[in-house]
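Sequence positions, counted from 1, serve as the residue numbers for this chain. Reckoned from all heavy atoms, side chains included, excluding hydrogens, waters and symmetry mates.
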Amino acid sequence: MFDKGNYANRWKMLEDKKLSAVKEIFDEYGSEEVERFGSAVKNVHDVANKLGRFLKPNEMSSIIEKCFIGILSKEFTINCLISFVYTQGAEKLLETSLCHMKDEFTLEILSKIPFSLQLLDVINQVIDDDIAYWEKGAMPYGCCEDEAEELKIIVEKLIACKRYVTAVNIIGHSECEAVINAECIYKLMKLAGTEESIGGETLDDYAVQKIIGWFQQQEDIDLELRSDIEFIYLPMLDEYSEVRPRALNTRLSLEPEYFCSLIELFYKKRNGEKREIELNKSLSDRLCEILFQFKVTPGIDWNGNFDANRFDYWMKTVKTWSRDNDRYEAAMHTVGSGLSYAELDEDKLPQTAVIEELNRVENDELRRGYYLGTINQRGAHWVDPEGKPELELAEDYENRANIAESRGYSRYAGILRVIADEFKREAKSNILEAKNGDDE
């Protein structure tokens with residue numbers, strides 16, 4: 001069996017031997033030979049790290065000075081310094097020649113050392129303008145609960161120098177959310193998503209999702225603000241994400257004016273030649289994702305409760321606006337698609353208010369959207385040569401139609417039968433295609 005304890009001991013023995021070898025080379029031949037050794041074994045990082053563990057401040061100063069005049073590489077020197085700081089503390093840097101070098105060189109070296117409050121004290125003593133450091137300094141992946149002070153300083157400084165993306169990524173991987181208030185999070189997320197951020201980092205999906213999940217729980221923040229952030233980061237909140245655009249969907253469900261504003265942006269007038277406002281690709285993609293895959297049932301609040309009165313008001317408002325603004329068909333097809341996702345009862349029928357709306361004589365376009373939304377819900381699927389899944393769906397929708405008709409909703413029953421007929425046609429097509437394939 002594999003002996004984990006023995007492995008740990010062997011690994012420690014090996015590391016100690018490596019450390020002894022590096023020290024021996026340094027004592028006998030100096031730092032240049034240590035770097036050559038690191039290059040020869042193709043592991044300058046590890047060799048430099050081991051050297052930095054036992055260096056004294058005057059020895060570290062010698063390496064810094066040789067780096068400054070080009071005898072030693074910055075990669076080697078920086079890794080020595082990182083280990084030196086980790087072993088002896090950042091304050092020991094004040095005893096080295098780094099503090100007396102040119103500002104540009106000192107800044108470049110310090111910016112590569114992992115951040116700590118102790119390092120910040122050193123930076124404040126040796127660099128006149130710390131903004132230059134914050135623009136390029138190596139930041140932590142995240143902060144633990146006992147590092148709340150560090151997180152607060154880091155976020156404030158990064159925002160001040162426009163490293164918005166870096167700030168978001170750090171907060172999203174930290175456990176100190178209580179240090180940063182919701183208003184600050186809103187401003188930062190908006191800046192990171194809409195303004196240019198300095199540095200080469202990209203937004204981390206996990207960090208963004210974690211922050212939005214937390215932000216959704218801040219009930220003292222207006223629904224509009226929460227939904228604005230979700231709209232900005234919508235591409236990161238897809239169906240595979242643990243965090244969904246809950247605030248955005250709730251706002252669409254409760255505020256018909258907001259829904260109409262998105263329809264107006266995305267769709268031109270039925271009798272118009274082009275959109276009234278030209279959209280950039282980013283905005284167009286987000287509107288497309290919302291409206292082409294509309295899954296919202298009007299009248300549902302933050303807690304998922306359906307209100308028939310709110311539903312009726314929402315529908316009347318959208319109908320009136322869409323007629324007045326020559327976008328009736330587009331709006332009704334979109335709303336109808338959303339109604340196809342409505343919660344169903346034990347008879348597999350939606351709420352009575354939804355059925356009554358779909359059953360109104362004037363709502364042909366709404367029923368058309370409901371039909372399209374229902375058919376499109378299947379998405380990509382395996383084709384059964386016997387058409388069994390489609391025939392089962394056809395039977396299911398026939399049963400729903402019979403129940404709806406028995407309750408007096410003939411037009412709603414009619415669209416359910418149209419859906420059933422579509423599945424029957426698909427079943428026949430699959431059977432015929434399989435048969436033709438066998439004949440060949």
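- Residues passing the side chain to side chain donor-acceptor pair (under 3.5 Å) test with E255, sequence neighbours excluded: R251.
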For this session: Step by step, work out the side chain to side chain contact (heavy atoms under 4.5 Å, CB included) result for I127 and L110.
Result: CA-CA 10 Å; I127 298 178; L110 288 175; 3.9 Å; yes
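- Residues F266 and I290 have side chains not in contact (no heavy-atom distance under 4.5 Å, counting atoms from C-beta outward).
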Taking distance alone, no hydrogens or angles, what donor-acceptor pairs closer than 3.5 Å link side-chain atoms of residues 148-168 to residues at least two apart or in another chain?
unit_1 : atom_1 : unit_2 : atom_2 : d
K157   : NZ     : D130   : OD2    : 3.2
R163   : NH1    : W134   : O      : 2.8
R163   : NH1    : G137   : O      : 3.0
R163   : NH2    : G137   : O      : 3.4
T166   : OG1    : E201   : OE2    : 2.9

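- How far CG of N363 is from CD1 of I415: 11.5 Å, rounded to the nearest 0.5 Å.
- L81 places none of its side-chain heavy atoms less than 4.5 Å from the side chain of T96.
- The distance between the ring centers of H173 and Y206 falls below 6.0 angstrom.
- Residue A404 comes nearest to L416 through the heavy atom pair CB-CD1, 4.3 Å, listed as atom of the first residue, atom of the second, then distance.
- With hydrogens and angles disregarded, no donor-acceptor distance shorter than 3.5 Å links the side chain of S284 to the backbone of L279.
- Within the 4.5 Å cutoff, the side chain of Y86 has no heavy atoms near those of the P114 side chain.
- Between the side chain of S337 and the backbone N or O of G373, no donor-acceptor pair lies under 3.5 Å.
- Listed for the T194 side chain is a donor-acceptor partner under 3.5 Å among the backbone atoms of K190.
- The closest donor-acceptor contact from the side chain of E264 to the backbone of N325 lies at 3.5 Å or more, if one exists at all.
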Mind listing the side-chain donor-acceptor pairs of residues 349-356 below 3.5 Å, one per line with the distance, residues two or more places apart or on another chain?
none

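- Every pair passing ring pair (Phe, Tyr, Trp, His ring centres under 6.0 Å) that includes a residue from residues 339-375 is listed here, sequence neighbours excluded: Y370-Y412.
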Exercise. Under the side-chain hydrogen bond (donor to acceptor under 3.5 Å, both in side chains) criterion, do N169 and D204 qualify, and how do the steps go?
Worked result: CA-CA 6 Å; N169 289 344; D204 180 277; over 6 Å; no
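- T320 contributes no side-chain N or O that, together with a main-chain N or O of T317, makes up a donor-acceptor pair within less than 3.5 Å.
- Side chain of N49 to backbone of H45: no donor-acceptor contact under 3.5 angstrom is found.
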Atom pairs and distances, side-chain donor-acceptor, residues 299-315, under 3.5 Å, sequence neighbours left out:
unit_1 : atom_1 : unit_2 : atom_2 : d
D301   : OD1    : N303   : N      : 3.0
D301   : OD1    : G304   : N      : 3.1
D301   : OD1    : N305   : N      : 2.8
D307   : OD1    : N309   : N      : 2.9
D307   : OD1    : R310   : N      : 3.1
Y313   : OH     : E257   : OE2    : 3.4
W314   : NE1    : L252   : O      : 2.9

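- Put simply, CG on L225 and CG on D220 are 10.5 Å apart, with the number rounded to the nearest 0.5 Å.
- The closest donor-acceptor contact from the side chain of D326 to the backbone of N271 lies under 3.5 Å.
- R226 meets the side chain to side chain donor-acceptor pair (under 3.5 Å) test with no other residue; sequence neighbours excluded.
- Of the possible polar contacts, one joining the R327 side chain to the Y267 backbone as a donor-acceptor pair under 3.5 Å is found.
- Under the 4.0 Å criterion applied to side-chain N and carboxylate O atoms, R417 and D421 are not assigned as salt-bridge partners.
- In this structure the side chain of L237 reaches within 4.5 angstrom of the side chain of Q209, judged on heavy atoms.
- In this structure R270 satisfies the side chain to side chain donor-acceptor pair (under 3.5 Å) test together with E329, sequence neighbours excluded.
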Problem set entry | Q218 vs I185, side chain to side chain contact (heavy atoms under 4.5 Å, CB included): CA-CA, chis, key distance, verdict | CA-CA 11 Å; Q218 311 310 304; I185 290 289; over 6 Å; no
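- In plain terms, the two heavy atoms of K136 and L107 that are nearest each other are CD-CG, 4.4 Å.
- Pairing each heavy atom of C143 with each of S174, the nearest pair is N-OG, 2.8 Å.
- F76 pairs by the ring pair (Phe, Tyr, Trp, His ring centres under 6.0 Å) definition with nothing, not counting sequence neighbours.
- When all heavy atoms are compared, the tightest approach of G38 to V47 is CA-CG2, 3.7 Å.
- Considering only heavy atoms from C-beta on, Y328 stays 4.5 Å or farther from L366 through its side chain.
- Between E422 and V418, every side-chain heavy-atom pair lies at or beyond the 4.5 Å cut-off.
- At a threshold of 4.5 Å between non-hydrogen side-chain atoms, the residues S73 and I78 do not count as touching.
- Of the options R411, K319, R367, a salt bridge (charged side-chain N to carboxylate O under 4.0 Å, His left out) to E357 is made by K319 and by none of the others.
- Applying the salt bridge (charged side-chain N to carboxylate O under 4.0 Å, His left out) test to pairs two or more places apart or on separate chains, those with a residue in residues 102-112 are K74-E108.
- Although no hydrogens or angles enter the test, the distance criterion places a donor-acceptor pair under 3.5 Å between the side chain of S261 and the main chain of Y258.
- Of all non-hydrogen atoms in A420 and E398, the two that sit nearest each other are CB-CG, 3.8 Å.
- The side chain to side chain donor-acceptor pair (under 3.5 Å) contacts involving residues 285-298 comprise K281-D285, S282-R286, where partners must be two or more places apart or lie in separate chains.
- Between atom CG of residue L339 and atom OG1 of residue T334 there is a gap of 11.0 Å, rounded to the nearest 0.5 Å.
- Annotation for I198 and E135: closest pair CD1-CG, 3.7 Å, computed over non-hydrogen atoms.
- Of the charged side-chain nitrogens involved, none lies within less than 4.0 Å of a carboxylate oxygen, so that E365 and R368 do not count as a salt-bridged pair.
- For residues 374-383, every residue pair satisfying the salt bridge (charged side-chain N to carboxylate O under 4.0 Å, His left out) rule, not counting sequence neighbours, is listed here: R378-E390, R378-E426.
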Exercise. Between W321 and I263, does a side chain to side chain contact (heavy atoms under 4.5 Å, CB included) hold up when you go through it step by step?
Worked result: CA-CA 10 Å; W321 177 89; I263 291 288; 3.9 Å; yes
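- By the 4.5 Å heavy-atom criterion applied to side chains, R246 and T250 are counted as neighbours.
- The line from CZ of R244 to CG of L234 is 8.0 Å long, rounded to the nearest 0.5 Å.
- Checked by atom type and distance alone, the side chain of D396 never pairs as donor or acceptor with a backbone atom of E392 at under 3.5 Å.
- For residues 229-240, no residue pair satisfies the salt bridge (charged side-chain N to carboxylate O under 4.0 Å, His left out) rule, not counting sequence neighbours.
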For this session: Starting from the C-alpha separation in whole Å, work towards a yes-or-no answer on side chain to side chain contact (heavy atoms under 4.5 Å, CB included) for K50 and E15.
Result: CA-CA 9 Å; K50 287 178 170 55; E15 289 296 298; 2.8 Å; yes
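- The aromatic ring centres of F294 and F259 sit less than 6.0 Å apart.
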